[in-house]
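For reference, the structure discussed in these notes is given below.
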Amino acid sequence: MPRSTERRGHWATVRGVTRSNRASIALPTDPDDYVNPDMIVLPTAWMQDDDWLADPEDAVLAVEVISPAEKSREIRDKADWYAVARVPVLLVIDPRKGTWALHTRPDNGAYRDVLPGKFGEAVRLPQPLGIEIATDGFPTYCPPPAPV
């Protein structure tokens, strides 16, 4: 493939990912309720649409990065929201603690499987993604406390 074609393909993908990251996910039971994930993976066909509100069944993966001020209850509520919407895979990254949690198999308003991990441990995403995300370079909000 000529280099110019590779570059166009690369930037088209980057633009697509950027546009996808500006999408929100609608709650199927309430069209006025939606969430804005930090990142969302949608099928490439979705990028042809001008809509900003994605159907949850179109979302392959949603990623939420926990902010420094978020409370545990807010985090649980957010995960439950994604499960109610039946988003198949939710990755929650918590730079406060240097941890992540991979939520899969939404059922009846909760995720049946939750795999916890620490920064430095790779996240293996299930199919159809089937990739591994290295987390050893993920920054934390502040350095962890020194052992006592």
With a 4.0 Å cut-off, would you call E70 and K78 a salt bridge?
yes
Using atom types as modelled and distance alone, determine if a side-chain donor or acceptor of T135 lies under 3.5 Å from a backbone N or O of G120.
yes
Quick check: closest heavy atoms across A101 and V114, and the distance to 0.1 Å?
CB-CG1, 4.1 Å
Using modelled atom types only, decide if a donor and an acceptor are shared between the side chain of W100 and the backbone of P95 within a distance under 3.5 Å.
no
Side-chain contact, heavy-atom cut-off 4.5 Å: V63 with I40?
no
I need the L53 CG to S24 OG distance, nearest 0.5 Å.
6.0 Å
With a 3.5 Å distance limit and no angle check, can you tell me whether R124 reaches the backbone of I131 through a side-chain donor-acceptor pair?
no
Identify, with sequence neighbours excluded, every residue that meets side chain to side chain donor-acceptor pair (under 3.5 Å) alongside R76.
none
Begin with the C-alpha distance, continue with both residues' side-chain angles, and end with the deciding distance and a verdict on side-chain contact (heavy atoms from CB on, under 4.5 Å) for W81 and I25.
CA-CA 10 Å; W81 189 101; I25 301 173; 4.2 Å; yes
Separation between CZ of F119 and CG of D136, rounded to the nearest 0.5 Å
11.0 Å
Under the side-chain contact (heavy atoms from CB on, under 4.5 Å) test, residues paired with V84 that sit two or more places apart:
L27
Correct closest heavy-atom pair for R86 and D107 would be NH1-CA, 3.8 Å
pair Y82-P56: side-chain heavy atoms closer than 4.5 Å:
no
Any side-chain heavy-atom pair from I66 and I93 closer than 4.5 angstrom?
no
Considering all heavy atoms of both residues, which atom of P106 and which atom of A83 are nearest to each other, and what is their separation?
CB-O, 3.7 Å
On a heavy-atom basis, the closest approach of P88 and A59 is CD-O, 3.2 Å
Residue among L102, D113, L61 satisfying side-chain contact (heavy atoms from CB on, under 4.5 Å) with P126
L102
Would you check if V35 and E64 make a side-chain contact, meaning some heavy-atom pair closer than 4.5 Å?
yes
Side-chain donor/acceptor of T99 to backbone N/O of K118, under 3.5 Å:
no
Expected output: side-chain D55 to main-chain E57 donor-acceptor under 3.5 Å:
no
I need the minimum non-hydrogen distance between A79 and Y111, along with the two atoms involved.
O-CE1, 3.4 Å
Report yes if some heavy atom in the side chain of V65 is under 4.5 Å from a heavy atom in the side chain of F138; otherwise report no.
no
Check whether any side-chain heavy atom of V89 sits under 4.5 Å from a side-chain heavy atom of V60, and report yes or no.
no
